[in-house]
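Presented below is the structure to which this report refers.
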Amino acid sequence: KLLSFTWVVDVSPSIDDDMKRSFVNTLQAGINLYHDAQHRVIFFAGGIEGDITIGAGTDLSKMEIPSGSSTDLSDVWEILEEDKPDYALVLTDLELAPVPEPSHTKVVWGVVGDCSHFNPEYGVRIDLPDLN
């Protein structure tokens with residue numbers, strides 16, 4: 001059975017262009033590594049700013065990244081509870097309001113920057129390299 005995996009990408013105002021580029025590079029590496037899978041990508045800010053499915057061979061270098069105002073994961077967390085993917089990789093700076101641990105989905109936090117308004121006590125945190 002192929003694991004179901006959802007990418008959750010922060011596109012709020014606190015995410016600058018370098019962070020967005022880092023997120024896209026991380027996403028591209030994941031797609032290239034798991035080329036047999038379909039990858040659901042949810043862009044979030046104040047709500048869901050984009051929800052797409054991409055597969056092997058997709059070149060993200062020219063993809064237009066949406067943006068939004070504020071930062072709120074609650075709509076995304078509702079999707080995780082409904083769809084129950086095995087894993088969610090959340091690419092963020094953690095400048096967001098706390099969200100509870102999902103009942104089914106294991107969360108991996110890919111974190112850029114050093115601003116942590118929310119320090120989750122669940123999941124795995126991976127500090128992503130700063131591009132500057």
| task | Measure the CD-OG distance between E49 and S69 for me, rounded to the nearest 0.5 Å. | result | 7.0 Å
| Do S103 and E81 have a side chain donor and acceptor closer than 3.5 Å? | yes
| Separation of I15 CD1 from I65 CD1 (nearest 0.5 Å) | 11.5 Å
| query | For V8 and L89, what are the C-alpha separation, side-chain angles and deciding distance, and is it a side chain to side chain contact (heavy atoms under 4.5 Å, CB included)? | reply | CA-CA 6 Å; V8 181; L89 176 57; over 6 Å; no
| request: Please test F44 against L73 for side chain to side chain contact (heavy atoms under 4.5 Å, CB included), starting from the C-alpha separation and ending with a verdict. | output: CA-CA 7 Å; F44 78 95; L73 268 173; 3.7 Å; yes
| field | W77 (side chain) donor-acceptor with P100 (main chain) under 3.5 angstrom | value | yes
| Which pair of heavy atoms, one from A45 and one from S12, lies closest together, and at what distance? | CB-CA, 3.9 Å
| So, for W109 and F118, is the gap between ring centers shorter than 6.0 Å? | yes
| said: Please report the interatomic distance OG1(T92) to CG(D10), rounded to the nearest 0.5 Å. | reply: 3.5 Å
| request: Compare every heavy atom of K84 with every heavy atom of H104, then report the nearest pair and how far apart it is. | output: CD2-O, 3.2 Å
| Heavy-atom check, side chain of T58 versus side chain of M63, under 4.5 Å | no
| So, Y87 side chain and W7 main chain: donor-acceptor pair closer than 3.5 Å or not? | no
| request: Nearest 0.5 Å please: distance from the OG atom of S14 over to the CG atom of L94. | output: 9.5 Å
| query | Among I79, I52, I54, which one satisfies side-chain contact (heavy atoms from CB on, under 4.5 Å) with R40? | reply | I79
| message | Please determine whether side chain to side chain contact (heavy atoms under 4.5 Å, CB included) holds for the pair I126 and V108, giving the CA-CA distance in whole Å, both sets of side-chain angles, and the decisive distance to 0.1 Å. | response | CA-CA 7 Å; I126 299 170; V108 177; 3.6 Å; yes
| query | Which distance, rounded to the nearest 0.5 Å, do you find between the CG of N25 and the CG of L128? | reply | 10.5 Å
| field | Within 6.0 Å of NZ in K106, more than 12 heavy atoms from elsewhere | value | no
| So do D93 and V111 actually touch side chain to side chain, heavy atoms under 4.5 Å? | no
| field | Distance, nearest 0.5 Å, that separates OG1 of T105 from CG of L80 | value | 4.5 Å
| task | Salt-bridge test for D127 and R125: reply yes if a basic N is under 4.0 Å from a carboxylate O, no otherwise. | result | yes
| request: Carefully, step by step, assess T26 and L91 under the rule side chain to side chain contact (heavy atoms under 4.5 Å, CB included). | output: CA-CA 9 Å; T26 301; L91 302 174; 4.1 Å; yes
